[in-house]
Peer 1: 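Quick one: this structure, given as structure tokens, is what I'll be asking you about.
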Amino acid sequence: MPGRDSPFRNRSAAENLDLFRRMKAGEFPNGARSLRAKIDMAAPNLWLRDPLLYRIRHVPHHHAGAAWCLYPLYDYAHCLSDYFEGITHSICTLEFVDHRPLYDWLLGSLDLPRALPHQYEFAKLTLGYTLVSKRKLLRLVQENKVAGWDDPRMPTLSGLRRRGIPAHAIRQFVANLGVTKHDSLTEVAVFEHTIREALNHSSERRLAVLKPIKIVLTNLAPGEVLVCQATNNPQSESPTTRAVELTREVFIESDDFAEVPPPKYFRLKPGGEVRLKYACIIKLDEIVQDSAGAITELRCTADLTTRNGQPNCDKKVKGTIHWVSAEQAIDAEVRLYDRLFTVPEPGASEDFLSLVNPHSLETVQAKLEPSLAASAAPACYQFERLGYFTPDAKESTPARLVFNRTITLRDAWAK
RNA sequence: UGUCCGAUGGUGUAACGGUAGCACAAGGCCCUUUGGAGGCCUUUGUCAUGGUUCGAAUCCAUGUCGGACAGCCA
């Protein structure tokens with residue numbers, strides 16, 4: 001069914017030019033006049049039915065100020081600016097396929113001397129559990145669902161970088177995807193794999209405990225220090241080491257202890273043995289509780305013959321866990337990020353604000369090995385057995401360290 | 001409803017008309033002072049029905065399913 005002609009469709013060119021000058025001069029209020037291309041009101045493609053080119057908007061422009069009250073519509077500006085800039089291939093997303101005939105018509109009607117640009121449309125990169133629409137991202141910022149455009153949970157470049165994701169990983173991810181013309185949803189696992197691959201090779205290892213529980217090594221004297229050598233990066237061609245010091249009191253991860261262990265639990269349990277990484281094997285002798293029944297410390301015996309270079313250093317135990325010296329550890333706030341949304345396709349719902357993951361940020365007070373005291377962004381570290389972490393570029397200072405978790409390590413046990 | 005676009009394992013993608021491959025995911029095994037990393041192996045696919053052809057994921061027809069658009073937004 002053809003469209004209905006505008007009552008002004010057959011106005012003369014001279015009359016239109018005069019009106020256009022008056023529109024430009026600011027003679028009319030918003031919406032009182034407009035300028036259309038005269039194409040074909042019977043065209044099956046709706047965008048060819050005399051589309052609007054200019055409309056009046058009395059609002060200042062962020063570059064041009066108040067000089068203009070006339071603004072072109074996207075379709076008109078797009079093809080022309082491509083031509084002005086000498087673009088040959090103008091790449092955009094699928095929703096503009098219907099507009100291509102108008103893009104071509106406008107350029108073709110102008111008798112232009114140079115070769116005309118062509119528009120090519122491809123599917124946008126839709127990532128699971130993520131939004132990429134700028135308009136929707138804006139609402140997350142405006143309604144304080146995140147702490148700003150560079151919140152480490154945001155899929156903006158500034159957010160990804162603050163999260164600690166290397167630029168190289170972002171490029172590699174995009175290069176791995178390929179480009180097509182049908183709508184797709186890329187699983188976040190693909191992005192996460194690229195990030196881990198990049199960070200695994202470049203990040204130095206450090207020891208850090210996010211949720212500490214205290215261990216007392218009863219056969220070490222108070223003040224006694226055993227120096228151990230820790231590998232900085234086992235992926236390196238020629239790995240270097242640093243010293244970490246074992247003392248009578250250390251912190252381990254509370255997740256690495258189970259009073260009632262599930263089947264196949266390799267970590268510390270009553271009567272069980274684990275290796276403190278780079279140090280020695282310890283055996284749990286006694287669980288100390290306060291009057292309320294809460295566990296206050298675990299008393300263990302260290303087998304010093306299992307240290308590196310000692311006769312039993314090759315002794316095998318199922319579990320190896322990370323630790324920090326309680327006397328030497330430094331404090332840091334660590335922000336644990338998770339996916340921002342609870343569903344794979346938050347963009348499919350108008351109600352996406354209610355789909356924000358309430359657990360997308362958890363903050364803990366962690367204990368770090370002392371070598372991290374001088375760390376600053378953009379350094380990235382692997383906290384052994386936990387994941388990759390980077391000092392927050394905005395808020396971390398030597399006096400008050402703040403780390404962002406970029407991503408966890410793969411965890412075969414969690415499955 | 002109209003116009004347009006698309007359809008290959010769970011996901012994302014390759015394959016002049018000529019062996020359906022790669023990555024992620026999943027599963028199994030080996031190794032391991034990170035339940036990490038690494039190594040080896042495995043499962044799963046051409047939307048359907050016809051046609052053309054010696055031969056079709058690819059070309060043609062019809063159908064099915066999915067998506068975009070129908071703003072004085074971009």
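Every chain is numbered from 1 and lettered A, B, ... according to where its sequence line falls, protein lines coming before strand lines.
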Peer 1: Strictly by salt bridge (Lys or Arg N to Asp or Glu O under 4.0 Å), give each pair with a member in residues 357-378 of chain A just once, sequence neighbours left out.
Peer 2: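 Counting only pairs at least two positions apart or across chains, the salt bridge (Lys or Arg N to Asp or Glu O under 4.0 Å) contacts touching residues 357-378 of chain A are K211(A)-E362(A), R242(A)-E369(A), D331(A)-K367(A).
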Peer 1: Considering just the side-chain nitrogens and oxygens of H201(A), establish if one lies under 4.0 Å of OP1 or OP2 belonging to rA37(B).
Peer 2: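 The answer is no; no side-chain N or O of H201(A) sits under 4.0 Å from OP1 or OP2.
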Peer 1: When the P atoms of rC60(B) and rG17(B) are considered, how many whole Å apart are they?
Peer 2: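 Per the computed distance, 12 Å lies between those P atoms.
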Peer 1: Using OP1 and OP2 only, check whether a side-chain N or O of T194(A) sits under 4.0 Å from rC24(B).
Peer 2: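 Indeed not, no polar side-chain atom of T194(A) lies that close.
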Peer 1: Show the atom names and distances, to 0.1 Å, of all donor-acceptor pairs under 3.5 Å that link a side chain in residues 310-321 of chain A to residues at least two apart or in another chain.
Peer 2:
from: N312(A); atom 1: ND2; to: T305(A); atom 2: OG1; distance (Å): 2.9
from: K315(A); atom 1: NZ; to: E273(A); atom 2: OE1; distance (Å): 3.4
from: K315(A); atom 1: NZ; to: E273(A); atom 2: OE2; distance (Å): 3.4

Peer 1: Check nucleotides 40-48 of chain B for protein N or O atoms closer than 3.5 Å to its own N or O atoms and list the pairs.
Peer 2:
none

Peer 1: Who passes salt bridge (charged side-chain N to carboxylate O under 4.0 Å, His left out) against K214(A), sequence neighbours left out?
Peer 2: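 Listed in chain order: E249(A).
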Peer 1: Holding to salt bridge (charged side-chain N to carboxylate O under 4.0 Å, His left out), I want the full list of residues that pass it with E384(A), two or more places apart in sequence or in another chain.
Peer 2: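 Applying salt bridge (charged side-chain N to carboxylate O under 4.0 Å, His left out) to E384(A) gives K277(A).
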Peer 1: How would you list, by chain and number, every residue that makes a side chain to side chain donor-acceptor pair (under 3.5 Å) with E286(A), sequence neighbours excluded?
Peer 2: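 Per chain and number, E286(A) pairs via side chain to side chain donor-acceptor pair (under 3.5 Å) with no residue.
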Peer 1: When Watson-Crick pairs (N1 to N3 and N6-O4 or O6-N4) and G-U wobble pairs (N1-O2 and O6-N3) count only below 3.5 Å on both distances, what is the dot-bracket string of RNA chain B, with | for other-strand pairs?
Peer 2: (((((((..((((....[..)))).(((((.......)))))....(((((..]....))))))))))))....
Peer 1: Could you go over nucleotides 32-36 of chain B and give all protein N or O partners under 3.5 Å, atom names and distances?
Peer 2:
from: rU33(B); atom 1: OP1; to: K316(A); atom 2: NZ; distance (Å): 2.8
from: rU33(B); atom 1: OP2; to: K316(A); atom 2: NZ; distance (Å): 3.4
from: rU33(B); atom 1: O2; to: Y278(A); atom 2: N; distance (Å): 2.8
from: rU33(B); atom 1: N3; to: R275(A); atom 2: NH1; distance (Å): 3.3
from: rU33(B); atom 1: O4; to: R275(A); atom 2: NH1; distance (Å): 2.9
from: rU33(B); atom 1: O4; to: N308(A); atom 2: OD1; distance (Å): 3.4
from: rU34(B); atom 1: O5'; to: K277(A); atom 2: NZ; distance (Å): 3.3
from: rU34(B); atom 1: O4'; to: K277(A); atom 2: NZ; distance (Å): 3.3
from: rU34(B); atom 1: O2; to: Q382(A); atom 2: OE1; distance (Å): 3.1
from: rU34(B); atom 1: O2; to: R385(A); atom 2: N; distance (Å): 2.8
from: rU34(B); atom 1: N3; to: Q382(A); atom 2: OE1; distance (Å): 2.6
from: rU34(B); atom 1: O4; to: R205(A); atom 2: NE; distance (Å): 2.7
from: rU34(B); atom 1: O4; to: R205(A); atom 2: NH2; distance (Å): 3.0
from: rG35(B); atom 1: OP1; to: T320(A); atom 2: O; distance (Å): 3.4
from: rG35(B); atom 1: OP1; to: R385(A); atom 2: NE; distance (Å): 3.4
from: rG35(B); atom 1: OP1; to: R385(A); atom 2: NH1; distance (Å): 2.5
from: rG35(B); atom 1: O2'; to: D411(A); atom 2: OD1; distance (Å): 3.3
from: rG35(B); atom 1: O6; to: F266(A); atom 2: N; distance (Å): 2.7
from: rG35(B); atom 1: N1; to: K264(A); atom 2: O; distance (Å): 2.9
from: rG36(B); atom 1: N2; to: Q235(A); atom 2: NE2; distance (Å): 3.3

Peer 1: Look at the side-chain N and O atoms of H99(A) and state whether any lies under 4.0 Å from the OP1 or OP2 oxygen of rA74(B).
Peer 2: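 Indeed not, no polar side-chain atom of H99(A) lies that close.
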Peer 1: Just jot down the side chain to side chain donor-acceptor pair (under 3.5 Å) partners of T301(A), sequence neighbours excluded, or say none.
Peer 2: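 With sequence neighbours excluded, T301(A) shows a side chain to side chain donor-acceptor pair (under 3.5 Å) to D285(A), given in chain and number order.
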Peer 1: May I have the list of side-chain donor-acceptor pairs in residues 31-40 of chain A shorter than 3.5 Å, sequence neighbours left out?
Peer 2:
from: R36(A); atom 1: NH1; to: D50(A); atom 2: O; distance (Å): 2.7
from: K38(A); atom 1: NZ; to: N10(A); atom 2: OD1; distance (Å): 3.4
from: D40(A); atom 1: OD1; to: A42(A); atom 2: N; distance (Å): 2.8

Peer 1: If only side-chain N and O atoms count, and only distance matters, is there a donor-acceptor pair under 3.5 Å linking E204(A) with Q382(A)?
Peer 2: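 There is no such pair (donor and acceptor under 3.5 Å, judged by atom type) between the side chains of Q382(A) and E204(A).
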Peer 1: Protein-nucleotides 62-68 of chain B N/O pairs closer than 3.5 Å?
Peer 2:
from: rG67(B); atom 1: O2'; to: D183(A); atom 2: OD2; distance (Å): 2.6

Peer 1: Not counting sequence neighbours, list each pair that qualifies as a salt bridge (Lys or Arg N to Asp or Glu O under 4.0 Å) and has a residue in residues 171-194 of chain A.
Peer 2: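 Of all non-adjacent pairs touching residues 171-194 of chain A, those that pass salt bridge (Lys or Arg N to Asp or Glu O under 4.0 Å) are E121(A)-K181(A).
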